[in-house]
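Sequence lines set the chain letters: A, B, ... in the order given, protein chains first and strands last, and positions in each chain run from 1.
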Amino acid sequence: MTPPVVTRFAPSPTGFLHIGGARTALFNWLYAKKHGGKMLLRIEDTDRERSTEPAIAAILDGLSWLGITWDGDTVHQFSRAARHREVAEQLLAAGKAYRCYATAEELTRMREAARAEGRSNLYDGSWRERDTAEAPPGVKPTIRLKAPLSGETVIEDQVQGRVVWQNENLDDLVLLRGDGNPTYMLAVVVDDHDMGVTHVIRGDDHLINAARQKQIYDALGWELPSMSHIPLIHGPDGSKLSKRHGALGVDAYRAMGYLPAALRNYLVRLGWSHGDQEIFSTQEMIDAFDLSAIGRSAARFDFAKLENLNGHYIRQADDQSLLTMLEELLRHIPHGLEIAAKLNDTTRAQLLQAMPGLKERAKTLLELLDNAGFIIADRPLTIEPKALAVLTPATRQLIGQLHDALESVTPWSSETTEAAMRAFAEQNGLKLGAVAQPLRVALTGRTTSPGIFDVLAVLGPQECLSRLADQAQR
RNA sequence: GCUCCCUUCGUCUAGCGGUUAGGACGUCGCCCUCUCACGGCGAAAACAGGAGUUCGAUUCUCCUAGGGAGCGCCA
């Protein structure tokens, strides 16, 4: 019988939840869901200087927004320091670790010497066998792992394959600092073990740590969890993802009007594929997800593809949930509250009525909101420069005629107004476009909009006739 | 410098010894059309380079080049 799958997401709360972390969390979540297991959340806050409460809140908020849930209580690593110390002492008692009294200056010298000689193991292991009686006064010792001096450390990684290190290249890592606090390396091993983690899925910047952690597992006689190191996400230019490209918090993606479903879909396809399938519902992702299908090379972040996917999910969303998402978004964007103040039963109904035409034209909620501007705009409309060019004396005169032609239309609908405008165009030997564009400019202040007869219908006769009169020239 | 990882269209990728090297985004063209979109059709576009192994390499091995990660008493 195979043990139940337990994965974990273990961010260090030194900033927002960035896109790479979001993908790591997603992969852990998918794997757990697929195998009916659990995903645990552990906050790696042992660095007291850099860990902050707002960062923790931002990470939890980001995960929630993305729809990624975790099981059980959130573990705060710092609170487990006593347990970490206990394990270090246990290793010490078993002769698998030793006290090291090397000073910072000595360590620096060793590092320089190692580099000069082209060696990768920095610490020279001098306190391995030295008598602690020789300890210099005033130096608080660290506890180091007595790592194997020869042989190999091997990780059978589910993504990277078999990765081998020669032990002579790995030095004795510090388990417990001079101040008695555990290092990351020790804390991770102890926590993963104690939490019952069966599968470690994390960024491949941790691949080398896996070797050192394996040595700790071996010294403790614990079984190493399944390891999967997923490639990092790079910026569009192939370099490390920086703030300049896409290393934004997921909250920034929310503010840019991306849908969680779109971001999930984009992220899951970055480095992972399932044949030719591009669109995945959450359930499809869970069913199809497979560690062995994750590629080993880094992927570049491509906003154009994210936008395309986002457009897809917007088009496919139902009108009411789009309106809900839009109102939600207003709380996260500049001037959002001013717009929210204009929402009432009437404008909400208009938004809903216009939604079919709106959602086809937007790649982000921000765009959708912008395109919906004509609904909440105040008279007289601000006319965009491009639209202003349409308003020649001749078209202003035409607008006056259109106003008159529409005045008698009853009942008012997109069908009846369209019939009236087509009739008007025919009688005056005009193409429909020659009528539609001036109408569009007068009613929306822009040269592009949803279908103009839908705009007419949504705005209603009073508002339309007033806006037309505003721009007409008699 | 050292250790480890990576390398198919511009981008994300399919391919798991024999294919006209497939799909998606983006780009371009045509159609649809009241604008913009959506949608439809079509086009251009890739196996980093070099040695092997093999009847046959995009696929296996090695080397080179390029890219990345790590090299702390940070996580």
Side-chain angles (χ1 to χ4, degrees), chain A residues 10-14 44-47 49-51 77 100 102 104 107-108 111 114-123 140-144 155 157 159-161 163-166 169-171 173-179 181-185 187-188 203-211 229 231-232 234 236 238-240 266 269-279 295-309 311 315 357-363 367 371 390 418 421-422 425 431-441 444 446-453:
Chain A
S12 53
T14 54
E44 309 219 314
D45 55 353
T46 53
D47 185 341
E49 300 285 301
R50 299 194 298 154
S51 300
Q77 192 161 57
C100 168
L107 256 16
T108 308
R111 202 168 8 254
R115 200 167 264 242
E117 293 168 34
R119 282 185 290 112
S120 64
N121 56 336
L122 275 14
Y123 178 64
K140 298 239 185 188
T142 60
I143 294 180
R144 285 185 187 264
I155 298 291
D157 194 278
V159 172
Q160 304 290 335
V163 186
V164 180
W165 286 266
Q166 299 303 314
N169 290 326
L170 268 15
D171 62 7
L173 66 275
V174 173
L175 298 170
L176 209 63
R177 299 186 180 108
D179 64 5
N181 283 318
T183 60
Y184 162 79
M185 222 55 90
V188 167
D204 73 7
D205 50 335
H206 286 288
L207 184 55
I208 293 175
N209 292 337
H229 289 88
L232 266 21
H234 287 174
S239 65
K240 189 177 173 178
Y266 178 72
R269 279 285 291 103
L270 214 52
W272 175 83
S273 61
H274 185 64
D276 282 340
Q277 189 171 351
E278 298 286 347
I279 305 290
R296 299 195 209 179
S297 58
R300 300 184 186 202
F301 194 88
D302 181 12
F303 266 103
K305 190 144 187 173
L306 208 210
E307 282 215 339
N308 172 273
L309 236 20
R315 261 172 268 134
L358 250 18
K359 68 184 181 188
E360 215 163 72
R361 292 168 171 75
K363 294 212 187 309
E367 247 182 72
N371 292 338
V390 175
E418 176 166 1
M421 289 298 93
R422 282 188 186 277
K431 284 187 173 177
L432 188 58
V435 169
Q437 267 321 71
L439 269 181
R440 186 172 340 266
V441 168
T444 69
R446 300 188 175 185
T447 54
T448 65
S449 80
I452 193 60
F453 305 113

B:U61 and B:G68, which share atom name C1', separated by this distance in whole Å = 23 Å
Sort out the partner of B:C4 for me: Watson-Crick or G-U wobble, both distances under 3.5 Å, none otherwise.
-> B:G68
When rounded to the nearest Å, what value does the distance between P atoms of B:U59 and B:G18 take?
-> 11 Å
Would you sort out whether A:K359 and A:E367 count as a salt bridge (Lys or Arg N to Asp or Glu O under 4.0 Å), showing the intermediate values?
-> CA-CA 9 Å; A:K359 68 184 181 188; A:E367 247 182 72; over 6 Å; no
Nearest nucleotide by nearest heavy atom, which residue falls closer to the 5' end of RNA chain B, A:H274 or A:N308?
-> A:H274
B:A24 versus B:A14 - spacing of their P atoms, nearest Å | 15 Å
P gap between B:U19 and B:U13, integer Å | 25 Å
Are the side chain of A:D45 and the backbone N or O of A:Q77 linked by a donor-acceptor pair below 3.5 Å?
-> yes
For A:V164, which contact category applies under a 4.0 Å heavy-atom criterion: base, sugar-phosphate, or nothing?
-> sugar-phosphate
Evaluate the side-chain proximity of A:T447 to A:R440: yes if any heavy-atom separation is below 4.5 Å, no if none is.
-> no
Touch check for A:R269, heavy atoms < 4.0 angstrom, all strands: base, sugar-phosphate only, or nothing?
-> base
Gap between atoms CG and P, on A:L270 and B:A14 respectively (whole Å) = 12 Å
Check the distance between B:C2's C1' and A:Q166's CD and give it to me in whole angstrom.
-> 14 Å
Have a look at A:T142 and say if it touches a base, only the backbone sugar-phosphate, or nothing, with a 4.0 Å heavy-atom cut-off.
-> base
Over 60° means perpendicular and under 30° means parallel, so classify the ring planes of A:H274 and A:W272, tilted if in between.
-> parallel
Closest non-hydrogen contact found for A:K305 with A:E278 is NZ-OE1, 3.5 Å
Searching all strands shown, indicate the nucleotide that pairs with B:U61 (Watson-Crick or G-U wobble; both distances under 3.5 Å).
-> B:A51
Does the base of B:G23 carry an N or O that pairs as donor and acceptor with the side chain of A:E278 under 3.5 Å?
-> yes
Using the P atom in both, what is the distance from B:U53 to B:A57, to the nearest Å?
-> 11 Å
Using atom CZ of A:F301 as one end and atom P of B:G26 as the other, report the distance to the nearest whole Å.
-> 15 Å
What is the nucleic acid contact for A:A210, judged by heavy atoms within less than 4.0 Å: base, sugar-phosphate only, or nothing?
-> nothing
Over how many whole Å does the gap from A:R300 atom CZ to B:U13 atom C1' extend?
-> 14 Å
For the side chain of A:S273 and the backbone of A:G275, is there at least one donor-acceptor N/O pair under 3.5 Å apart?
-> no
Spell out protein contact along nucleotides 27-49 of chain B as letters: B when the base is contacted, S when just the sugar-phosphate is, - when no protein heavy atom is under 4.0 Å; keep the 5' to 3' order.
-> -------BBBBSS----------
How close or far is atom P of B:A75 from atom OH of A:Y184, stated in whole angstroms?
-> 9 Å
Gap in Å between the two C1' atoms, one belonging to B:A51 and one to B:U27, rounded = 38 Å
For B:A21, the Watson-Crick or wobble partner whose two distances fall under 3.5 Å | none
A:V441 versus A:R446: any side-chain heavy-atom pair under 4.5 Å?
-> no
Which comes earlier along RNA chain B counting from the 5' end, the contact point of A:A10 or that of A:G275, where each point is its nearest nucleotide?
-> A:G275
Which value, in whole Å, describes the distance between the C1' atoms of nucleotides B:U7 and B:C63?
-> 15 Å
In whole angstroms, the gap separating C1' of B:C12 from CH2 of A:W272 amounts to 13 Å
Write down the partner of B:C9 under the Watson-Crick or G-U wobble criteria, each distance required to be under 3.5 Å.
-> none
A:D276 has a side chain; which of B:G22, B:C25, B:U3 sits nearest to it?
-> B:G22
Would you mind building the protein contact string for nucleotides 63-72 of chain B? One character per nucleotide, 5' to 3', B for base within reach (heavy atoms under 4.0 Å), S for sugar-phosphate only, - for untouched.
-> -----SBSBS
What's the closest nucleotide to the A:Q160 side chain, out of B:U13, B:C73, B:C6?
-> B:C6
Which residues share a salt bridge (charged side-chain N to carboxylate O under 4.0 Å, His left out) with A:R50, sequence neighbours left out | A:D47
Phosphate oxygens OP1/OP2 of B:C73: is one of them under 4.0 Å from a side-chain N or O of A:T183?
-> no
A:D179 side chain reached by A:K140 side chain, heavy atoms, under 4.5 Å | no
With a 4.0 Å cut-off on heavy atoms, is A:T14 in touch with a base, just the backbone sugar-phosphate, or nothing at all?
-> nothing
Taking side chain as C-beta onward, heavy atoms only, is A:R296 less than 4.5 Å from A:Q160?
-> yes
Rounded to the nearest angstrom, tell me the gap between atom CG in A:D157 and atom P in B:C6.
-> 10 Å
So CG of A:L176 and OG1 of A:T142: to nearest 0.5 Å the spacing works out to 8.5 Å
In whole angstrom, give me the gap between the P atoms of B:C31 and B:G67.
-> 46 Å
Across all strands, who's sitting opposite B:C41 as a Watson-Crick or G-U wobble pair, both distances under 3.5 Å?
-> B:G29
What are the two closest non-hydrogen atoms of A:Y266 and A:D302, and how far apart are they?
-> OH-N, 2.7 Å
